Number of protein chains: 2
Amino acid sequence: MRYFVAVAEELHFGRAAERLQMAQPPLSRAIQQLERRLGVQLLNRDRRGVSLTAAGKTFLEEARRALDAVDAAVRRTRRAAMAKPTLVLTTKAGASHELLKRLLDAYAARPGAVEIDVLLCEIGEQRQLLLNGRADVAIMHAPFDLMTGLESVEILTEGQVAILPASHPLAKRSSLTMAEVSNVPDLPIARWPRHDFTYPPGPGPEVRSQSQLAQLVALGRTLLVIPASSRAWQWPEHVAVPVTDAPLATTLLAWPAGIKSPALTGLIETAKQLAEQFKEQVAA
Amino acid sequence: MRYFVAVAEELHFGRAAERLQMAQPPLSRAIQQLERRLGVQLLNRDRRGVSLTAAGKTFLEEARRALDAVDAAVRRTRRAAMAKPTLVLTTKAGASHELLKRLLDAYAARPGAVEIDVLLCEIGEQRQLLLNGRADVAIMHAPFDLMTGLESVEILTEGQVAILPASHPLAKRSSLTMAEVSNVPDLPIARWPRHDFTYPPGPGPEVRSQSQLAQLVALGRTLLVIPASSRAWQWPEHVAVPVTDAPLATTLLAWPAGIKSPALTGLIETAKQLAEQFKEQVAA
DNA sequence: CCCAGCTGATACCGCAGCGGTATCAGCAGG
DNA sequence: CCTGCTGATACCGCTGCGGTATCAGCTGGG
């Protein structure tokens, strides 16, 4: 399966073999054998390269899932065997600083709380980290993150703010609308890489991380719209302005469906209590 | 992993080896090697048998998940390669006859509908069938079925009825309460097997299938409480009486999280339309 | 038109690793 | 103390994986 995923991603036996640190002929044979055992043609070998059949596309998805499950099994078992149980929490670097701190503090105060390692990641990586067992639990944002295969509890629902360069005229406004922040000619929305690491076309700068984005805003090159609680990482050159009609953003605590350690149950409980506190704050 | 799951389930190397159709010594070595590679002790070998460590319990769960994922990959790929695409729908034998028929008829009327194979199963098996790729989609019942790792749409929410032997005094009533149907001395609730095939203690008869249960009701040995739409399989000797304070039962169309074939999308769409129809019926 | 260069496939080889049989070692019960 | 049960160890043979060398089909350039 690992071999097939490599070939399907590279669409080239030679490069795939290189990535797998092996020679090309055994790789070719392994894939042939896989196709024979499945009784299914996965690849079209035309002159000039390789392409996936419909069944191949299915198998690529499924194989990724299965490999993740095996990885997760190994990692979770190793971690379960450690003398000191710990919980790995992953969150987008820089997002929801205040909220994360409150969650961690409240959890640490519980009797029987275990140590929590925080694993910072880039946008959109949390789901992958949960599914392959590198993390136990994540802070994510609906409706922006894909929650498929995860369970979650809501912590906080809130409006969004636009983060603008302080020098820009829009930064002086007390509120904005989506129509006003979309299509600002001198502040085009940044472009994030797709799954295959290529970028969609468009006028905005190409970015790979939050910190790049933060710097580009400070330089007056772009703007962004994020949940209000995520603006902890504002720079001095940044100004946050509420966007009144932006979709509501919900911060969630999420974990892989069906994984329930006692430590995780405690953290979920804490998150629910925190959610109650936030709701009361809003009501008051 | 297959080896470990066998040993963990049997808690006995000899029997596990037999189940795996191999000799005991290579199995012992394979497990040792697995433990060495993981760097984790999975089993306690006491004199007199084997028991799981905490890490072993984790690995058992995770290994089952991973093996399911591999199975699912193989099966789904094989089915994706078939000339005629089909959808396998699984449902508890005898449940929601009328509703199933309406769903299938409505779907078949759609343009581009594919053939749907119906795979009947026993209570609680649907989740497993979805996760290991034997089925694509299931009809399930909240809050009775475990939905972890599945996505779903609601089709119908309804009250529950008690299925009673016609000869029993309670059968003459026009409605009942949970208090009245729990603890009827001569109609004790049937007991279903646990995951390890043992039965919980109690006075009720042991059953393994809906049809056994149906017969036991007809014989005047037990009663059961089920969603109103599931009573299609009533026998002549059965009487259905509404239970006014039973929890509402929701019939759902469910599929493995993250699996989305075009055919499945069509069926989900059909289910949503059907749900609308039911809602209107209730409103009228 | 032919050849260089790219692709993936085939031929053959050597060794690692798996599963087999035979046997051992610890322990419980008669 | 011996028997019978457990899982572990010793040793062996073969399957199968990955390696190198080479082939075969197609493409594009001179």
Side-chain angles (χ1 to χ4, degrees), chain A residues 1-60 63 66-67 70-71 73-74 77 81 196, chain B residues 1-60 63 66-67 70-71 73-74 77 81 196:
Chain A
M1 283 185 164
R2 262 179 50 233
Y3 291 1
F4 176 78
V5 170
V7 173
E9 283 177 1
E10 300 284 348
L11 292 176
H12 189 290
F13 279 79
R15 282 196 299 275
E18 197 174 342
R19 198 167 104 183
L20 294 166
Q21 313 233 55
M22 66 187 294
Q24 169 263 319
L27 177 58
S28 284
R29 261 182 309 142
I31 300 293
Q32 285 173 2
Q33 185 174 331
L34 177 65
E35 290 182 319
R36 231 175 306 125
R37 287 187 188 171
L38 287 170
V40 170
Q41 181 146 2
L42 300 171
L43 298 171
N44 293 316
R45 286 96 157 157
D46 296 306
R47 55 190 168 275
R48 204 118 219 108
V50 176
S51 64
L52 286 168
T53 64
K57 282 181 194 136
T58 299
F59 192 68
L60 176 57
L67 290 171
V70 173
D71 270 17
V74 172
T77 305
D196 58 356
Chain B
M1 283 186 163
R2 262 180 48 233
Y3 291 1
F4 176 77
V5 170
V7 174
E9 283 178 0
E10 299 284 348
L11 292 176
H12 189 291
F13 279 79
R15 281 196 300 275
E18 198 175 340
R19 198 167 104 183
L20 294 165
Q21 314 233 55
M22 66 186 293
Q24 168 263 320
L27 177 59
S28 283
R29 260 181 310 141
I31 301 292
Q32 285 174 2
Q33 185 174 331
L34 177 66
E35 290 181 319
R36 231 175 307 123
R37 287 187 187 172
L38 287 171
V40 170
Q41 181 146 5
L42 299 171
L43 298 171
N44 293 315
R45 286 96 158 158
D46 296 306
R47 56 190 165 276
R48 205 116 218 108
V50 176
S51 64
L52 287 168
T53 63
K57 281 181 194 137
T58 299
F59 191 68
L60 176 57
L67 291 171
V70 173
D71 271 16
V74 172
T77 304
D196 58 357

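Below, chain A is the first sequence line, B the second, and so on; all start at residue 1. None of the values given here were measured: they were computed from a predicted structure.
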Length of the line joining A:Glu18:CD and C:dG8:P, which is rounded to integer Å: 13 Å

Holding to side-chain hydrogen bond (donor to acceptor under 3.5 Å, both in side chains), I want the full list of residues that pass it with B:Asn44, two or more places apart in sequence or in another chain. none

So salt bridge (charged side-chain N to carboxylate O under 4.0 Å, His left out) across residues 31-42 of chain B, not counting sequence neighbours, yields B:Glu35-B:Arg45

To the nearest angstrom, the CZ-C1' distance between B:Arg2 and C:dC18 comes to 13 Å

Taking CZ from A:Arg15 and C1' from C:dG8, how many angstroms apart are they, rounded to a whole number? 13 Å

Rounded to the nearest angstrom, tell me the gap between atom CZ in B:Phe13 and atom C1' in C:dG19. 16 Å

Taking only the side-chain nitrogens and oxygens of A:Ser28, find out if one of them lies under 4.0 Å from OP1 or OP2 of C:dA9. yes

Acceptor/donor pairs from residues 25-34 of chain B side chains to any protein atom, 3.5 angstrom cut, sequence neighbours excluded:
{"from": "B:Ser28", "atom 1": "OG", "to": "B:Gln24", "atom 2": "NE2", "distance (Å)": "3.0"}

Counting just side-chain N and O atoms, does A:Arg45 come under 4.0 Å of either OP1 or OP2 of C:dT7? no

To the nearest Å, give me how far apart CG (A:Leu11) and C1' (C:dC6) are. 17 Å

Residues pairing under side-chain hydrogen bond (donor to acceptor under 3.5 Å, both in side chains) where one sits in residues 49-60 of chain B, two or more places apart or in two chains, turn out to be none

How does each nucleotide of nucleotides 10-25 of chain D score, in 5' to 3' order, for protein heavy atoms under 4.0 Å: base (B), sugar-phosphate only (S), or none (-)? -------SBBBB----

Can you check the A:His12 NE2 to C:dA9 P distance for me, whole Å? 12 Å

What's the CZ-P distance between B:Arg36 and C:dC18, to the nearest Å? 10 Å

Within a radius of less than 6.0 Å around CD of A:Glu18, do more than 12 heavy atoms belonging to other residues, nucleotides or ligands occur? no

Check the distance between D:dG7's P and B:Glu35's CD and give it to me in whole angstrom. 13 Å

Checking B:Phe4 now: which residues fulfil ring pair (Phe, Tyr, Trp, His ring centres under 6.0 Å) with it, not counting sequence neighbours? B:Phe59

